[in-house]
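Whatever order the structure lists ligands and atoms in, that order sets their numbers, starting from 1. Only heavy atoms go into these numbers, but all of them, side chains included; no hydrogens, no water, no symmetry mates.
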Amino acid sequence: MRAGSPPSPSSPSLAARLAQREQRPLLRVLTCGSVDDGKSTLIGRLLHDAQALYDDQLAALRTDSARHGTTGPDHLDFALLVDGLAAEREQGITIDVAYRYFSTPRRRFILADTPGHPQYTRNMATAASTADVAVLLVDARLGLLAQTHRHAVLLSLMGLRHAVVAVNKMDLVGWDEAVFRRIADDARAFAARLDLPDLTCLPLSALTGANVTRPADEAPWHAGPSLLDHLETLAPLTDPVLGPFRFPVQGVSRPDAGFRGQTGLIVGGMVSVGDPLAVWPSGQTSRLARIVTADGDLESARAGQSVTLVLQDPVDVARGDVLTLARAPCPVSDQVSAHVVWMDPAPLLPGRPYLARIGTAETGAKVTALKHRLDVSTLTPLAARTLDMNEVGVCTLSFDRAVAFDPYRENRDMGGFILIDRLSNATVGCGMIDFPLRRAANIHWQPTRIDRTARAAAKGQKPAVLWFTGLSGSGKSTLADRVEQRLHGLGHHTMLLDGDNVRHGLNRDLGFTDADRVENIRRVAEVARLMTEAGLITLVSFISPFRAERQMARDLMDEGLFVEIFVDAPLAVCEARDPKGLYAKARAGLIPNFTGLGSPYEPPEAPDLRVATDQQDPDVLADEVIALLRARAMI
Ligand SMILES: Nc1ncnc2c1ncn2[C@@H]1O[C@H](COP(=O)(O)OS(=O)(=O)O)[C@@H](OP(=O)(O)O)[C@H]1O
Ligand SMILES: Nc1ncnc2c1ncn2[C@@H]1O[C@H](COP(=O)(O)OP(=O)(O)O)[C@@H](O)[C@H]1O
């Protein structure tokens, strides 16, 4: 874009100019820093000086600067241009990642503007995963802040190789060289502990434009380039085309019976027709027959191109698979060591099932061991049982099936992942795979001659899990006990697992934090599954307060085996019953995380059966459970 009205798109000179511009190398720049460091002003300044603004945008900016500006009558308030959203103006913070495009005669740029407010770390991590270089703004008057450290750590974790520390507002410290040197030394000392191979420190004033796009006469002591000069000449340290060929399959294209191709984006290396290829995780091999694009077939293709690949043989390929050259495979595993950046207000709980999206693959995933979290200012590993929002941890991640990937350091597209909450579908974390763990590969499921069906048949019954959930005092144990008595009376083989009892043995190491409750339910669900293998009708009576873990328990059992019974009574009724005096203790502050008071209970949304124990006698309710089992032909 240039100043002035855009020429008509049909003009040949525009087409020629656009084509020429497309040839220029592209640099993705991420800007980050603390609130008020001057990011928006810097971006506005770059866009303005690179003449990437339309006349009407400039005119609006002049009017806005006069009306709302904070920069005095002599300067345009570029922050107004960039923080274009009304809500942002009111809050004074930027709330999402905004991408802006401009070009100079030497290069094309995509600028990602990320918010500096601490709770928006997630946006920064997202933008950092695709950026080539980050510009970290520092206010010359304040120096490096905790937030600057956090951002630098995130940048290095996200695999950024180039960073610029832009010491802004130098005009407000009289362009004092000593101030700049001190901040630059601090930044270098901190970066030395990170994996940030290329760090450049530049003094500038986004407001006046000094050393942004023109040299700063105010700083004769600065011999280095201006920020734009530096960005225009930066030679990226990594080039995805040089890595091994990687093609995460997005979909299978089958327009007619005669054609079958795999569509996707090449995220590493090059490939040519005739190359021997392998499909992962299956390991099947074939040769590349054709590279199809909208503009016709190609002989070879490289990273960055979206293509359809046709294989010579009819091998099984599905979305989420990865194609590589047969001689340069990628790791395949169902367990990895990874860094996780947590982004959700609810903490990461080890053992809780999430969905992981790695490239184009999607699978269930759990953090099976949280090794430590990082103090992002000092990089010290700290003991941790959960991760809170914005915290970064190192963990073992276990997938429901083997997936193909690369360590993030080797290929960001192949080794980056996001974690999604299964119930809300929200992205709750993102992460970087560090390396595969192979332990699980050596453990195989041992088939046995006598299986669940045979064991159950010997008992003349079908196995089942009756899962009773509800508040403490709601009547779970009473009801489960009555149901078991009836089943026993009918000649069935049963087992009753009660929270209080299991916590005396198998789960005696667990307390009542969210993380411990998740582990408590994970273990009892596994035990219940083993009981069904034994052919038993298993009754589980645990508060099991979280939907996610009840869903996990259901998913663990075969279809039709799991019956969720919501033992419902209002909190006030449970509290009035208080058979163990625990509510009284909790009210007195002696049990801080008691369910229903200091700790949440998430009622089932669609239980198989809901029983209201404040309205019906336990015997009537037990008969209802038996009737349901009969109606489903489970007994
Ligand atoms: N903080 C806190 N919150 C809830 N419950 C507490 C707590 N501390 C002790 N107890 C007693 O432990 C019993 C619940 O254990 P569960 O294993 O069923 O709990 S959970 O499913 O892990 O939430 C529960 O038994 P029930 O009353 O039978 O539900 C209580 O007696
Ligand atoms: N359906 C019901 N109607 C009336 N009282 C009940 C009913 N079910 C249970 N109770 C009473 O509520 C109290 C708590 O029951 P309990 O089974 O121990 O609950 P939980 O196992 O959920 O903590 C006991 O005193 C029990 O007699």
Side-chain angles (χ1 to χ4, degrees), residues 346 349-352 385-386 465-486 496-528 538-554 556 564-604 607 609-626:
L349 298 176
R352 171 163 288 185
R385 303 196 67 179
T386 63
V465 174
L466 311 184
W467 191 281
F468 297 82
T469 172
L471 291 169
S472 173
S474 61
K476 301 180 296 295
S477 308
T478 307
L479 182 58
D481 183 45
R482 305 271 169 115
V483 172
E484 188 179 31
Q485 286 177 43
R486 279 166 176 63
L496 173 55
L497 299 168
D498 191 277
D500 276 331
N501 300 349
V502 177
R503 279 176 174 277
H504 275 93
L506 175 66
N507 291 354
R508 68 182 309 154
D509 56 323
L510 300 176
F512 289 91
T513 60
D514 287 0
D516 277 3
R517 290 181 203 252
V518 169
E519 178 60 11
N520 187 34
I521 301 307
R522 188 191 71 79
R523 287 187 203 168
V524 76
E526 290 285 356
V527 171
T538 312
L539 301 92
V540 178
S541 165
F542 276 59
I543 294 178
S544 42
F546 305 130
R547 284 187 198 113
E549 280 62 57
R550 295 194 301 261
Q551 184 64 41
M552 170 189 69
R554 182 186 287 277
L556 210 52
E564 184 180 31
I565 299 158
F566 177 23
V567 184
D568 195 7
L571 180 65
V573 171
C574 299
E575 189 164 356
R577 290 177 181 161
D578 206 7
K580 301 172 199 156
L582 295 177
Y583 281 97
K585 273 194 190 167
R587 287 285 183 201
L590 300 174
I591 313 178
N593 50 5
F594 197 73
T595 305
L597 300 180
S599 180
Y601 179 78
E602 300 169 359
L609 183 68
R610 173 183 167 272
V611 294
T613 66
D614 59 327
Q615 286 158 30
Q616 293 283 4
D617 179 83
D619 282 319
V620 174
L621 299 177
D623 288 339
E624 269 186 42
V625 175
I626 297 294

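One finds the CZ atom of R482 at 6.5 Å from the CG atom of D617 (value rounded to the nearest 0.5 Å).
Between the D481 side chain and the Q485 main chain, no donor and acceptor come within less than 3.5 Å of each other. Formation of a donor-acceptor pair under 3.5 Å by the R577 side chain with backbone atoms of G473 is found in this model. In this structure, the side chain of N593 engages the main chain of F512 through a donor-acceptor pair within 3.5 Å. Of the possible donor and acceptor atoms, one in the side chain of R503 sits under 3.5 Å from a partner among the backbone N and O of G511. Judged by distance alone, the side chain of R486 and the main-chain N or O of I626 form no donor-acceptor pair under 3.5 Å.
Counting heavy atoms closer than 4.0 Å to ligand 1, residue V502 contributes nothing at all. For T595, heavy-atom contacts with ligand 1 shorter than 4.0 Å involve the backbone as well as the side chain.
Interface of P545 with ligand 1, defined as ligand atoms under 4.0 Å from a residue heavy atom, comprises 21 (O), 23 (O). Below 4.0 Å from some heavy atom of S472 lie the following atoms of ligand 2, by number and element: 23 (O). Within ligand 1, the atoms closer than 4.0 Å to a non-hydrogen atom of I591 are 1 (N), numbered from 1 in the order shown. Listed by number with element, the atoms of ligand 1 under 4.0 angstrom from any heavy atom of G473 are 27 (O). Atom numbering of ligand 1 starts at 1 in the shown order; those under 4.0 Å from a heavy atom of N593 are 1 (N), 2 (C), 3 (N). Remark: ligand 2 atoms within the under-4.0 Å shell around heavy atoms of L471 are 22 (O). Here is the list of ligand 1 atoms found below 4.0 Å of a heavy atom in K476: 29 (O). Near P618, meaning under 4.0 Å from one of its heavy atoms, ligand 2 places the atoms 1 (N), 2 (C), 3 (N), 7 (C). Here is the list of ligand 1 atoms found below 4.0 Å of a heavy atom in L582: 11 (C), 30 (C), 31 (O).
The protein heavy atom nearest to atom 16 (P) of ligand 2 is T478 OG1, 3.5 Å. Distance from atom 21 (O) of ligand 2 to its nearest protein heavy atom, with residue and atom name: S477 OG, 2.6 Å. When hydrogens are left out, the protein atom nearest atom 20 (S) of ligand 1 is N520 ND2, 3.6 Å; that is the closest non-hydrogen contact. Taking atom 2 (C) of ligand 1 as the reference point, the nearest protein heavy-atom neighbour is F594 CD1, 3.4 Å. Of the protein's non-hydrogen atoms, the one nearest atom 19 (O) of ligand 2 is G475 N, 3.0 Å. Looking at atom 14 (C) of ligand 2, its nearest protein heavy atom turns out to be G473 O, 3.5 Å. Given atom 13 (C) of ligand 1, the protein heavy atom at minimum distance is D500 OD1, 3.4 Å. Nearest protein neighbour of atom 3 (N) of ligand 2, counting heavy atoms only, is T613 O, 3.0 Å. Closest to atom 6 (C) of ligand 1 among all protein heavy atoms lies F512 CE2, 3.3 Å. Scanning the protein heavy atoms around atom 15 (O) of ligand 1, the nearest turns out to be R503 NE, 3.2 Å. Given atom 1 (N) of ligand 2, the protein heavy atom at minimum distance is Q616 O, 2.9 Å. Nearest to atom 18 (O) of ligand 1 among the protein's heavy atoms is I543 N, 2.9 Å.
Closest heavy-atom contact between A569 and L471: O-CD1, 3.8 Å. Contact between L582 and D578 at its shortest, heavy atoms only, is N-OD1, 2.9 Å.
Residue-to-ligand polar distances keep D617 apart from ligand 2: every N/O pair is separated by 3.5 Å or more. For P579, no nitrogen or oxygen atom sits less than 3.5 Å from a nitrogen or oxygen atom of ligand 2, counting backbone and side chain alike. Residue contacts with ligand 1: I521 is placed with no nitrogen or oxygen under 3.5 Å of a nitrogen or oxygen of the ligand (distance criterion only). Backbone and side-chain nitrogen or oxygen atoms of K476 are examined, and one is located within less than 3.5 angstrom of a nitrogen or oxygen of ligand 2.
Under a 4.0 Å N-O distance rule, the pair D509/R523 qualifies as a salt bridge.
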Criterion side chain to side chain contact (heavy atoms under 4.5 Å, CB included) on L479 and T613, from CA distance to verdict: CA-CA 9 Å; L479 182 58; T613 66; 5.6 Å; no

Let's go through V611 and F468 carefully: what are the C-alpha distance in whole Å and the side-chain angles of both, what is the deciding distance for side chain to side chain contact (heavy atoms under 4.5 Å, CB included) to 0.1 Å, and is it a yes or a no? CA-CA 10 Å; V611 294; F468 297 82; over 6 Å; no

Go through the steps for D498 and K476 under the test side chain to side chain contact (heavy atoms under 4.5 Å, CB included), then give the verdict. CA-CA 9 Å; D498 191 277; K476 301 180 296 295; over 6 Å; no

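With a 6.0 Å cutoff to the six-membered ring centre and a 45° limit on the axis angle, R517 does not count as a cation-pi contact of F542.
The shortest side-chain heavy-atom distance between D568 and P603 does not fall under the 4.5 Å cut-off. Contact annotation: the side chain of D500 never approaches that of S477 to less than 4.5 Å [non-hydrogen atoms, C-beta and beyond].
With sequence neighbours excluded, the residues that form a ring-ring contact (aromatic ring centres under 6.0 Å, His included) with F594 are Y583.
Within a 6.0 Å sphere centred on CZ of R385, other residues, nucleotides and ligands contribute 12 heavy atoms or fewer.
One option in K580, Q615, R577 has a heavy atom closer to atom 4 (C) of ligand 2 than any other, and that option is R577. Here atom 25 (O) of ligand 1 lies nearest to K580 when heavy atoms of K580, R550, R577, R517 are compared. Compare S472, G499, S544 by their heavy atoms: the one nearest to atom 21 (O) of ligand 1 is in S544.
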